[in-house]
Amino acid sequence: MRCLILASLCLTACARLDAVGKAPAFSPLEGSYQHHAMYSTPLPKDIPPSGPADTSSLWTSSRDSLFGERRAERRGDILTVVVEINDKAEISNSSDRSRAGSDAMGIPALFGIPERLNAQLPEGASMAEAVNTTSSSSYEGSGSVARTEKLTLRVAATVVEELPNGVLRIEGQQEVRVNYELRELVVSGYVRPADISRQNEITYDKIAGARVSYGGRGQITDVQQPRYGQQVADILLPF
């Protein structure tokens, strides 16, 4: 078991050492859903009849005409996703609870039995107060949440799948490398063609199951992360 752990650590270290002095590499597009949607041409559902006047008219309804539909509507089309998040939440609550109670029970006279028992009890003990209990409890709690998030992004996404109900599944990925730091933006989700604007754009609040990831990798990001040993110790140590 120890040998396997050491071997895995060595392989991880070797992979990290290969990137020393090099800029982070871009993620390949080949093999992704976007690449497959771009290069595969689905068969048409039907072939509409065309006449000799269709190609010569200035007002055809084709996508290439002046007044044609330019919004994304099928697999392989591209649209712009606008992410504008400006959320602010403040929550504060408090609770206070207290309780006190006391009980006393005695049998000073019961057919002379307490007096007889007192003679048998140790000195200072008496049946005059057989049971005497006192209890009290108190609880106080408070909590608050303050969160502010602001994010403004625009990214081009590709329609990678057309669902049977007409909904489109989109995925978008953008990478920008500055010196030795790579910024990554990934957007995915499901959209309705009717929610796409005439400018071929859609806002993030109209994307069902939206997944927006904004981060990066490189030398700066690597320094900001704790070492693997420290992360393992934080998980395993109980204190």
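Note that this is a predicted model, so its numbers are computed, not measured. Each residue takes its place number in the sequence, starting with 1.
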Heavy-atom side-chain proximity of [X] to [Y] below 4.5 angstrom:
X    : Y    : value
V81  : I207 : yes
V82  : E84  : yes
I202 : L79  : yes
P193 : L168 : yes
E149 : N86  : no
R217 : E184 : yes
D222 : I220 : no

Partner of L185 under side chain to side chain contact (heavy atoms under 4.5 Å, CB included), picked from V155, V83, V176, is V155
**Request:** Test I170 against every option in T158, V159, I196 by the side chain to side chain contact (heavy atoms under 4.5 Å, CB included) rule and name the one that passes.
**Result:**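 Of T158, V159, I196, side chain to side chain contact (heavy atoms under 4.5 Å, CB included) with I170 is met by V159 alone.
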With sequence neighbours left out, the residues meeting side chain to side chain contact (heavy atoms under 4.5 Å, CB included) with L163 are E161, N165, V167, Y190
Hits for side chain to side chain contact (heavy atoms under 4.5 Å, CB included) against E140, two or more places apart or cross-chain, chain-then-number order -> D96
Item to complete: Consider only side-chain N and O atoms of R183 and Q174, and report whether a donor and an acceptor are under 3.5 Å apart.
Response: yes
Can a side-chain donor-acceptor contact be found between Q173 and E175 if the only test is distance below 3.5 angstrom? yes
Strictly below 4.0 Å, N to O, side chains only: are E201 and R154 in salt-bridge contact? yes
Donor-acceptor pair, side chain of N200 and main chain of A72, under 3.5 angstrom
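Indeed, once roles are kept as given, a pair shorter than 3.5 Å links the two residues.
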request  = Measure the CZ-CZ distance between R75 and R169 for me, rounded to the nearest 0.5 Å.
outcome  =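 Reported value, rounded in 0.5 Å steps: 9.0 Å.
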The reported gap from NZ in K206 to CZ in R192 (rounded to nearest 0.5 angstrom) is 9.0 Å
Shared ILVMFWY cluster between [X] and [Y], side chains joined below 4.5 angstrom?
X    : Y    : result
Y204 : I78  : no
V187 : L151 : yes
V186 : V212 : no

- prompt: For the residue pair S197 and R71, what are the closest heavy atoms and their distance?
  reply: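 Closest heavy-atom pair between S197 and R71: O-CD, 2.9 Å.
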